[in-house]
Amino acid sequence: MMNKCLLCQESILTKSDVLDILGIRTTQPAVCAQCLTQFETIGERICFGCGRLSHDDTLCQDCQRWQSNGKQLLEHRALYRYNATMKDYMQRYKFSGDYALREVFRSVLLQHLKNYSDYIKVPIPISDQTWLTRGFNQVTGLLEGCQYQELLSVRAHQKAHQSQLNRQKRMTRKQPFELIDGTINLQGKSILLIDDIYTTGNTMYYAADLLYSVGAQAVRSVSLAR
Amino acid sequence: MIIQPESLYGRLVTWPKVVAQPVKNCEILPTFKGNTCQRCGCRNLERLPRQQFYCRQCLALGRVSSLDHFLTLPEPNHFNQKHMLTWTGTLTPQQNEVSQVLVQKLKQQQNHLVWAVTGAGKTEMLFPLLHTALNAHLRIGIVSPRVDVIVELAPRLEQAFSKSDMVVLHGQQPLPYRYTQLVLATTHQLLRFYRAFDLLIIDEVDSFPFAGDRMLAYAVEQASKIDRTQIYLTATPTPQLQRQVKRKKLSVSYLPLRFHQHLLPQITVRYVGDWRKKKRQPTVPPTLHQQLSRYYQSGQRFLLFVPKIKDLAPLLDIIRQHWPDMLGESVYAGDPKRQEKVQMMRDKRIQYLITTTILERGVTLPGIDVLILGADDPIFSENALVQIAGRVGRSHERPSGLVCAYVTYKTQALRLAQRQIKKMNQLGNVLRQNNDE
């Protein structure tokens with residue numbers, strides 16, 4: 001069987017097996033092995049609070065600060081490190097707007113989400129303006145084929161993109177989200193927030209605040225990159 | 001974002017429908033008609049949520065989606081500058097003849113093919129045409145499918161028209177677009193133009209990826225004005241172009257003699273056995289070994305062409321081991337030091353380069369010889385071989401040289417390449433005899 005790698009356009013050669021002969025193969029690799037190895041997974045040793053690479057088992061400074069600010073830790077888990085290759089991928093997927101590239105990580109992410117089967121999956125939303133220019137939510141793109149609920153929306157006054165702000169500005173930003181349905185009750189429910197990149201954690205904690213305020217019991221989070 | 005009206009002249013600028021237009025009274029064109037992208041003419045659509053879609057074919061130049069439209073302004077030819085030809089050389093009688101035909105074609109707004117052997121001095125032949133067009137306030141595009149060709153052409157044009165303003169556009173160009181009368185660009189960049197050029201010159205029109213690429217053919221049409229002249233330059237026209245010439249749909253000028261009036265070197269064939277040991281590691285067959293020792297003794301500079309990237313490193317190792325004080329490098333398309341190594345060869349700091357077909361055209365390295373190991377590989381097409389042979393004998397001082405193909409068996413492409421060279425040389429011979437009389 002032959003198809004082309006979404007990232008480098010090289011042909012991917014896979015051995016034919018009985019599924020191909022019967023014509024019932026449902027999954028084709030979207031990227032070649034060469035490209036896939038350029039992405040680094042985070043590994044086993046991580047900060048329990050935010051999922052970043054860690055050399056000991058204590059909480060990282062950022063998470064200690066979240067905790068001392070009275071936050072319930074998100075126990076965030078990320079799949080990959082935000083290295084040059086991942087940066088390049090995000091550039092092409094989000095900012096060049098190549099929606100087809102969602103396929104690169106879709107199945108990996110879906111596999112990972114199986115660990116959270118009891119959770120309601122809530123993607124981080126994008127603004128209306130982004131819907132009219134980019135035309136897709138990069139998070140829900142990755143979630144195709146998985147049950148999720150869009151509970152959040154971006155409040156109207158939000159103008160600047162997260163990625164255009166520096167760390168200081170991000171940290172002092174006000175609550176960027178609101179609940180789509182103001183009357184929703186999440187009493188006793190577990191929620192899993194999903195985003196493409198976790199940088200400061202600010203976005204995730206704002207979203208978590210909102211969900212806790214309507215009764216959520218536990219909020220955890222997952223992102224593609226960290 | 002601030003946009004000057006100038007930057008919309010003859011351009012297609014993608015603009016989100018929801019954002020107000022930056023320039024009053026600009027024309028708005030749809031991005032799609034049916035399923036066809038109006039920038040590249042392809043139907044390689046990819047869906048977006050909410051019934052929207054985008055074109056994946058021309059994505060590298062920025063996304064065109066159903067959420068956008070194009071902004072453009074008609075090309076006004078706002079050029080008042082006086083242009084001077086600051087080139088001091090002279091054309092040979094044959095070059096002069098062709099250049100006069102080109103000026104004629106410009107006046108008649110007709111397309112024309114210049115079929116000139118490698119090293120005929122095509123660029124110099126364009127100067128009178130460019131000079132006429134510049135002073136007639138026409139907008140001119142000079143494009144090539146190959147970025148190397150554009151990069152090498154740019155300084156020569158800047159020298160020939162040192163008072164004229166021009167931009168050079170290609171994928172690796174960090175400088176932004178500017179409105180100028182003269183535009184040098186890769187053919188891909190034409191996708192961003194719309195009815196801009198009165199005169200469009202396409203150099204190396206037969207080369208990859210242009211030949212047979214419908215998107216780029218569409219780009220050429222879109223970027224040209226309705227009333228315009230297109231000039232195609234090549235040493236090795238594609239069968240399609242040759243057919244158009246045969247059917248009298250396209251006029252043609254032949255230039256079978258090189259600028260120094262010498263004939264093209266013919267390809268010599270040497271038979272070697274299976275030079276890839278057990279089909280894997282390449283080796284240096286004995287005949288090639290002898291040739292290399294001769295070069296080692298004489299110091300003669302040469303290019304060694306090989307079929308595959310993976311042949312480069314092992315061969316370089318073998319040659320370096322055998323002749324450690326003969327300096328050389330290897331290059332391929334994706335080599336980060338590609339420009340640097342070619343420059344080293346140009347500066348005579350190294351004696352040889354082992355290369356894939358990327359150096360088949362557009363590079364002028366005076367006084368070299370060319371060896372082609374595995375010339376029977378399908379990658380060496382008829383035209384590729386003629387182009388490779390054309391690297392040899394490009395200076396007055398050394399107007400000829402050796403072109404040697406090492407093959408296990410002789411392919412049809414090799415036979416046709418030899419025939420093409422022979423035919424051009426016959427034409428050239430007639431011309432030389434006429435000159436003598």
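Side chains are part of it too, since the values below use all heavy atoms of this structure and drop only hydrogens, waters and symmetry mates. Numbered from 1 within each chain, the chains take letters A, B, ... in sequence-line order.
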Exercise for the section: Might you confirm whether atom CZ of B/R47 has over 12 heavy atoms from other residues, nucleotides or ligands at distances under 6.0 Å? Expected result: yes

Handout entry: Pairwise side-chain contact, B/F70 with B/V13, heavy-atom cut-off 4.5 Å (strictly under)
Key = no

Handout entry: Part of B/E46 within contact of chain A (heavy atom distance under 4.5 Å)
Key = side chain

Exercise for the section: Tell me yes or no: between the side chains of A/S221 and A/H76, is some donor less than 3.5 Å from an acceptor? Expected result: yes

Exercise for the section: Check B/L8, B/V23, B/T14 against B/L71 for a side chain to side chain contact (heavy atoms under 4.5 Å, CB included) and give me the one that passes. Expected result: B/L8

Problem - Contacting moiety of B/L48, where chain A heavy atoms sit under 4.5 Å - result: both

Problem - Residue selection (most heavy-atom pairs with chain A, distance under 4.5 Å) from B/P16, B/S65, B/P49 - result: B/P49

